[in-house]
Number of protein chains: 2
Amino acid sequence: MDGQPGRRERKKQQTRQLIADSARQLFVEHGFERVSVAEVARRADVAEATVFNYFPSKEDLVFSGLERFEDELLEAIRDRAAGETILAAFARFILMPRGFLAAGDDESAQRLLEVSRMIASSPALLAREQQIFARYTASLTGLIAEETGVTDDDPRPGVAASALIGVHRTLIEHVRRHILSGEDDIPKLGRSTRTAGKKAIALLERGLADYAARRSS
Amino acid sequence: MDGQPGRRERKKQQTRQLIADSARQLFVEHGFERVSVAEVARRADVAEATVFNYFPSKEDLVFSGLERFEDELLEAIRDRAAGETILAAFARFILMPRGFLAAGDDESAQRLLEVSRMIASSPALLAREQQIFARYTASLTGLIAEETGVTDDDPRPGVAASALIGVHRTLIEHVRRHILSGEDDIPKLGRSTRTAGKKAIALLERGLADYAARRSS
DNA sequence: CCTTGCGGCTCTAATGTTGTAGCTGCTATA
DNA sequence: TATAGCAGCTACAACATTAGAGCCGCAAGG
């Protein structure tokens, strides 16, 4: 679309990346709560105001990746090909390998582990993560309601959005659980995650009518 | 005086250094005349206007070090201790090891060689260097005239200034000549340069009356 | 001759970054 | 409880950098 980003835009992304990396290092070293934004700024050799210029809050230093992901997810659904169902667009997007799992090298695994530990060990971060999921669930609800043109009373958009975001939540948990319990074969983890994703989507596709219909023995 | 320079000033010096280094690399690779300022800017990943913001002209990309040296020389003379002669202050300043010669590692020697070759092979640069020396000779003349409080007609400040700047010229030539003819023992070159400097100053101290009084045999 | 284009260099408006002060809420300590 | 200080965050003015247009001299090619 835009060819080369131009020097200005490129340097802005460098600055943003530098801040995000500095923050991650410090948070992993000392824990999220024990690191001040001023320290992040100092490590990135940047003014504190610059940090807040790129990341509205300290938590966003951790979750900017997640938020971008959700933004792209919504966009992928909004701009899906004509005739494609929302569930299909969602599946296509979420099953696409990306990020740490796509890289697959040892260093990525190490970072994924550290970040997972960091988030898991901070109540503030876990709480914020839930807020983010809630916010995106609401956005997705609105999008679905808009596209299907139903009344505000109709519960179906909210249920569908919760189900979809729930898949994402579940897959993230899947990755964290395996990473935190020592899994270090990233390609394998990627495969098992995709398998789980497919199962989840298949379940949503065919409905819950016959799911766990009988109590197990 | 100012403790830490502050982030702003520090980053400015980084930028300045980055531009100067990029320019030196390119000039050494392709020759001064065949490299455009736009290319320097591109290698430094900086706007062309930024280059001119730090270096008023393309030649200054090469001679900014020399100009800073001359500035400091004038300052050292202006601010010399009470009772110290101009010649003594000059001697103290110019005999102090610094720059490439002070470093003494192989890489410095390599760079000194490359820069010397670059200047020697560019008429434009050689011409500009003479202009710079002339400008500083004039400045120094003014300074001496001011401090000794003589009439504009008095030739002595001009002669003294020429003599002093002449010492500097000569020492630079000394270094270049040895470097270009293959000398790569930088500490040794530093010593021989300082020896030459002392001889030159001694000559100026005692006057030319009995210098080369008799034709050699 | 003339035009075209390049390179050194200048100018201006827009935008990114910094420095500094200050507000709020919380925590430690007197 | 009062007070002081720290951390997250905001606001604003000063400053550094960028983008883009444009001027001038000059050399190459029609």
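Reminder, nothing fancy here: chain letters follow the sequence lines and each chain counts from 1.
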What is the separation between atom [atom1] on [X] and atom [atom2] on [N], rounded to the nearest whole Å?
X        : N       : atom1 : atom2 : value
Glu9(A)  : dG16(C) : CD    : P     : 8 Å
Arg8(A)  : dT15(C) : CZ    : P     : 7 Å
Tyr54(B) : dA16(D) : OH    : P     : 7 Å
Phe55(A) : dT10(D) : CZ    : C1'   : 18 Å
Glu48(B) : dG7(C)  : CD    : P     : 10 Å
Asp60(A) : dT10(D) : CG    : P     : 11 Å
Leu18(A) : dT17(C) : CG    : C1'   : 13 Å
Lys58(B) : dT10(C) : NZ    : C1'   : 18 Å

Side-chain donor-acceptor contact under 3.5 Å, Glu9(A) with Gln13(A): yes
Most 5' of Ser57(A) and Lys11(A) on DNA chain D, judged by nearest nucleotide: Ser57(A)
First of Glu59(A) and Thr15(B) reached from the 5' end of DNA chain D, by closest nucleotide: Glu59(A)
Per Thr50(A) side chain, nearest of listed nucleotides dT18(D), dC9(C), dT17(C): dT17(C)
Side chain of Lys12(A) (C-beta onward), nearest among dA16(D), dG16(C), dA19(D): dG16(C)
Ring centre gap for Phe63(B) and Phe133(B) strictly below 6.0 Å: no
Full working for ring-ring contact (aromatic ring centres under 6.0 Å, His included) between Tyr136(B) and His168(B): CA-CA 11 Å; Tyr136(B) 279 99; His168(B) 189 201; 9.2 Å; no
Contact residues, residues 27-41 of chain B to DNA chain D [heavy atom, < 4.0 Å]: none
Lys/Arg N to Asp/Glu carboxylate O, Arg68(B) vs Asp71(B), below 4.0 Å: no
Under 3.5 Å donor-acceptor, Lys58(A) side chain and Phe32(A) backbone: yes
Sub-4.5 Å side-chain heavy-atom contact between Ile132(B) and Arg128(B): yes
Touch class at under 4.0 angstrom, heavy-atom based, for Arg7(A) against every strand present: sugar-phosphate
From CA spacing to verdict: side-chain hydrogen bond (donor to acceptor under 3.5 Å, both in side chains), Asp154(A), Thr151(A): CA-CA 5 Å; Asp154(A) 196 318; Thr151(A) 74; 5.4 Å; no
